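Here the structure is a predicted model, which is why all the values come from computation and not from measurement. Every heavy atom of this structure was used, including side-chain atoms; hydrogens, water molecules and symmetry mates were not. Every chain is numbered from 1 and lettered A, B, ... according to where its sequence line falls, protein lines coming before strand lines.
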Protein chains: 2
Amino acid sequence: MFSKTTEYALRAVIYIAQKGTEENKLGLADIAKAIHSPRSFTAKILQQLTAGGKIISSVRGPGGGFYISAKAKKLPVRSVLSVMGEDVKLEKCVLGLKHCSEEKPCPMHASYKLIKPLIIDLFESKTIEMLANEVSAGKSNIGNL
Amino acid sequence: MFSKTTEYALRAVIYIAQKGTEENKLGLADIAKAIHSPRSFTAKILQQLTAGGKIISSVRGPGGGFYISAKAKKLPVRSVLSVMGEDVKLEKCVLGLKHCSEEKPCPMHASYKLIKPLIIDLFESKTIEMLANEVSAGKSNIGNL
DNA sequence: GTAATAAAAGATAAAAATATCCTTAATTAA
DNA sequence: TTAATTAAGGATATTTTTATCTTTTATTAC
Ligand code: FES
Ligand code: FES
């Protein structure tokens, strides 16, 4: 559904939301290990997520690391997709036509249009916090690769 | 959702099902133009779809080209995904965990599991023929890029 | 200040996906 | 049998994605 890059981003954000706070920041090594992602590559992704303070925050130096504000935790999962530039994928035509629309639909559209809003809602209605809480409650995990 | 390669494959198969017959085979140039795909790249894809006579058939030489048997037209769209090696994508975990399952679910799973079977059914229940008929009836198209 | 720590930034590297081109083989028609 | 046609097969080329490594900058502790 998404690129590996975005999968790492989602798992990292959920992990940071679950385990980190401004008082207890998480380091790159910790995060990469927890979500089973390549360390240096994850660093690049965390940079993206930090840029402009959109999703997560970071502090350099001893005691530094990554965390996410209570406010940002309320963001929909889709905001992570957006930062990674993959929220457009949710609107894509199944057959690769330029636009997925009623005006010039592909032959999959009639059936797909019933499901598409459900998929989009999946990422709109769930917040980062909700997913983190799921993991904290022991109902799910992000480390089992 | 799928790779460009698979999108081309899907559009090509639908086009062949719609316009071609064993008596009226379609040439590579025709197909590539109709579905707006790069010609030589499309040739490779058509080879894959032809291999083992799984989906489409081909004949070389003058008057040759590609066509699809009446029997193959009844195949579900998923069979095309299968030949392209992307039907596994339908089973993938949204967050990229090794397995999407109830046993070790990711935090998206609880919501996603409601939609996943609908997506799979989309490709299981629709046959190549159904999509081709949709286009023939003027209800949809595969050329509008 | 100096040293240690940790993320940011930059430069490459490796792998996979996408795409093109050239040669070969099969088929047909003349 | 020769020439023309069309897909198959093979070799490369380009682009994008994924990944690693090195240097720089910010922060803290001493
Ligand atoms: S136009 Fe193809 S899925 Fe909507
Ligand atoms: S386990 Fe992640 S979607 Fe099912």
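Contact annotation for B:Leu46: no contact, since no heavy-atom pair falls under 4.0 Å across all strands. At a threshold of 4.0 angstrom between heavy atoms, the contacts of B:Leu26 are confined to the sugar-phosphate backbone, with no base atom among them.
Residue pairs satisfying the ring pair (Phe, Tyr, Trp, His ring centres under 6.0 Å) criterion with at least one member in residues 15-35 of chain B, sequence neighbours excluded, are absent. Sorted by first and then second residue, the ring pair (Phe, Tyr, Trp, His ring centres under 6.0 Å) pairs involving residues 63-102 of chain B (not counting sequence neighbours) form an empty list. Residue pairs meeting the ring pair (Phe, Tyr, Trp, His ring centres under 6.0 Å) criterion with at least one partner in residues 119-145 of chain A, sequence neighbours excluded, are A:Phe2-A:Phe123.
A:Glu91 meets the side chain to side chain contact (heavy atoms under 4.5 Å, CB included) test with A:Arg78, A:Lys116, A:Ile120; sequence neighbours excluded. By the side chain to side chain contact (heavy atoms under 4.5 Å, CB included) test, A:Asn133 pairs with A:Glu129, sequence neighbours left out. Taking the side chain to side chain contact (heavy atoms under 4.5 Å, CB included) definition, one finds that B:Ala17 meets it with B:Ile68, B:Lys73, B:Ile128, B:Ala132, sequence neighbours left out. By the side chain to side chain donor-acceptor pair (under 3.5 Å) test, B:Thr5 pairs with no residue at all, sequence neighbours left out. Under the rule for a side chain to side chain contact (heavy atoms under 4.5 Å, CB included), the partners of B:Thr21 that lie at least two apart in sequence or sit in another chain are B:Glu23, B:Asn24.
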Taking N or O atoms only and anything under 3.5 Å, show me the protein contacts with nucleotides 1-3 of chain C, one pair per line.
none

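Between B:Gln47 and D:dG9, a side-chain N or O to OP1/OP2 separation shorter than 4.0 Å is present. The shortest distance between the side-chain N/O atoms of B:Ser58 and the OP1/OP2 oxygens of D:dT6 is not below 4.0 Å.
The number of heavy-atom neighbours closer than 6.0 Å to NZ of A:Lys19, taken from other residues, nucleotides and ligands shown, is 12 or below.
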In 5'-to-3' order, the base (B), backbone-only (S) or no-contact (-) status of each nucleotide in nucleotides 12-20 of chain D, using a 4.0 angstrom heavy-atom cut-off, is ------BBB
Base-contact (B) and sugar-phosphate-only (S) positions in nucleotides 25-30 of chain D, heavy-atom cut-off under 4.0 Å, - elsewhere: BBBB--
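Membership of an apolar cluster is not assigned to A:Leu114, as no side-chain contact below 4.5 Å to another ILVMFWY residue is traced.
Per the geometry, NZ belonging to B:Lys25 stands 17 Å off P belonging to C:dA26, to the nearest Å.
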